[in-house]
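Notes follow the structure.
Chain naming here is simple, since letters A, B, ... match the order of the sequence lines and numbering starts at 1 in each.
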Amino acid sequence: GESVGLHLPTLSVQEGDNSIINCAYSNSASDYFIWYKQESGKGPQFIIDIRSNMDKRQGQRVTVLLNKTVKHLSLQIAATQPGDSAVYFCAERRYNTDKLIFGTGTRLQVFP
Amino acid sequence: DTEVTQTPKHLVMGMTNKKSLKCEQHMGHRAMYWYKQKAKKPPELMFVYSYEKLSINESVPSRFSPECPNSSLLNLHLHALQPEDSALYLCASSQDPGTGNTIYFGEGSWLTVV
């Protein structure tokens, strides 16, 4: 079946360090990927997206890397801050469909 | 502005009640979605509306009935729910159906069935 999975359920980092959250996907037909941040009691918040014709995309303090060869997606957060503490979901969407499939999520904990 | 507004924020209902969740967006988006999220789990797709027509129903029980009165509004009518239906219900929207546009989520409606 189709699945989008994450390697680590919880990631703990020290404030100021860089964070890397990983995600594996199994559907090679997927060509659009999104990272969401979900804080406690809130809805998922869009962080960054990437299409399959790209390997890397940068935003403000965040970078998404896509390795289609091994079907791997990662989110890098530079200079992690306490406000980055949340659950991060990767999501996969097949082009020309309206289905967004979420991974299981990684909880990021930032310590002072 | 990427705002999707959901009401109510919290809802407690009995198993014999009829209630509705409401969702509104004024971004001109033509695709709208309902997701269900249980605690510590990822959101799961329930329904998709494309151009005000139901395009995807992920085998959701009939006690959940979606409705799209116009391009800005999306409702989820609830009737005869079970305690296991208690969850966070998320509404989302995207610009054009089927084109891989970003999906934006609302803050959700917390539903408790007693």
Can you find a pair of side-chain heavy atoms, one from A/K99 and one from B/V48, that are under 4.5 Å apart? no

Short question: side chain of A/R93, backbone of B/T102 - any donor-acceptor pair under 3.5 Å? no

Can the ring centres of A/F46 and B/F105 be said to be less than 6.0 Å apart? no

What about B/Y35 and A/Y32, same hydrophobic cluster or not, with Ile/Leu/Val/Met/Phe/Trp/Tyr joined at side-chain heavy-atom distances under 4.5 Å? yes

Atom pair OH (B/Y33) and CG (A/L100), whose distance is rounded to the nearest 0.5 Å: 8.0 Å

Without swapping roles, check the side chain of B/E107 against the backbone of A/G43 for a donor-acceptor pair under 3.5 Å. yes

With a 4.5 angstrom heavy-atom cut-off, is it the side chain or the backbone of B/I103 that approaches chain A, or both, or neither? both

Find the distance between CG (A/D98) and OG (B/S55) and round it off to the nearest 0.5 Å. 5.0 Å

Within a reach of under 6.0 Å around CD of A/Q60, are more than 12 heavy atoms found that belong to other residues, nucleotides or ligands? no

So how far is it from A/Q38 CD to B/L90 CG, rounded to the nearest 0.5 Å? 6.5 Å

Please tell me whether B/L73 and B/V4 are part of a single hydrophobic cluster in this structure, the criterion being side-chain heavy atoms less than 4.5 Å apart. no

Tell me whether the count of non-hydrogen atoms from other residues, nucleotides or ligands lying under 6.0 Å of CE in A/M54 goes above 12. yes

What heavy-atom pair brings B/P43 and A/P44 nearest, and what distance separates the two atoms? CG-CG, 4.3 Å

With a 4.5 angstrom heavy-atom cut-off, could you sort out which part of B/E44 is near chain A: side chain, backbone, both or neither? neither

Rounded to the nearest 0.5 Å, what's the gap from NZ on B/K41 to CZ on A/F89? Could you check? 10.5 Å

Residue B/Q6 versus chain A: region with a heavy atom under 4.5 Å: neither

Does B/K9 NZ have over 12 foreign heavy atoms under 6.0 Å away? yes

Could you check whether atom NZ of B/K19 has more than 12 heavy atoms from other residues, nucleotides or ligands sitting under 6.0 Å from it? no

Transitively linked via ILVMFWY side-chain contacts under 4.5 Å: B/L45 with B/L111? no

Is there a path from A/I47 to A/V110 through hydrophobic residues (I, L, V, M, F, W, Y) whose side chains come within less than 4.5 Å of each other? yes

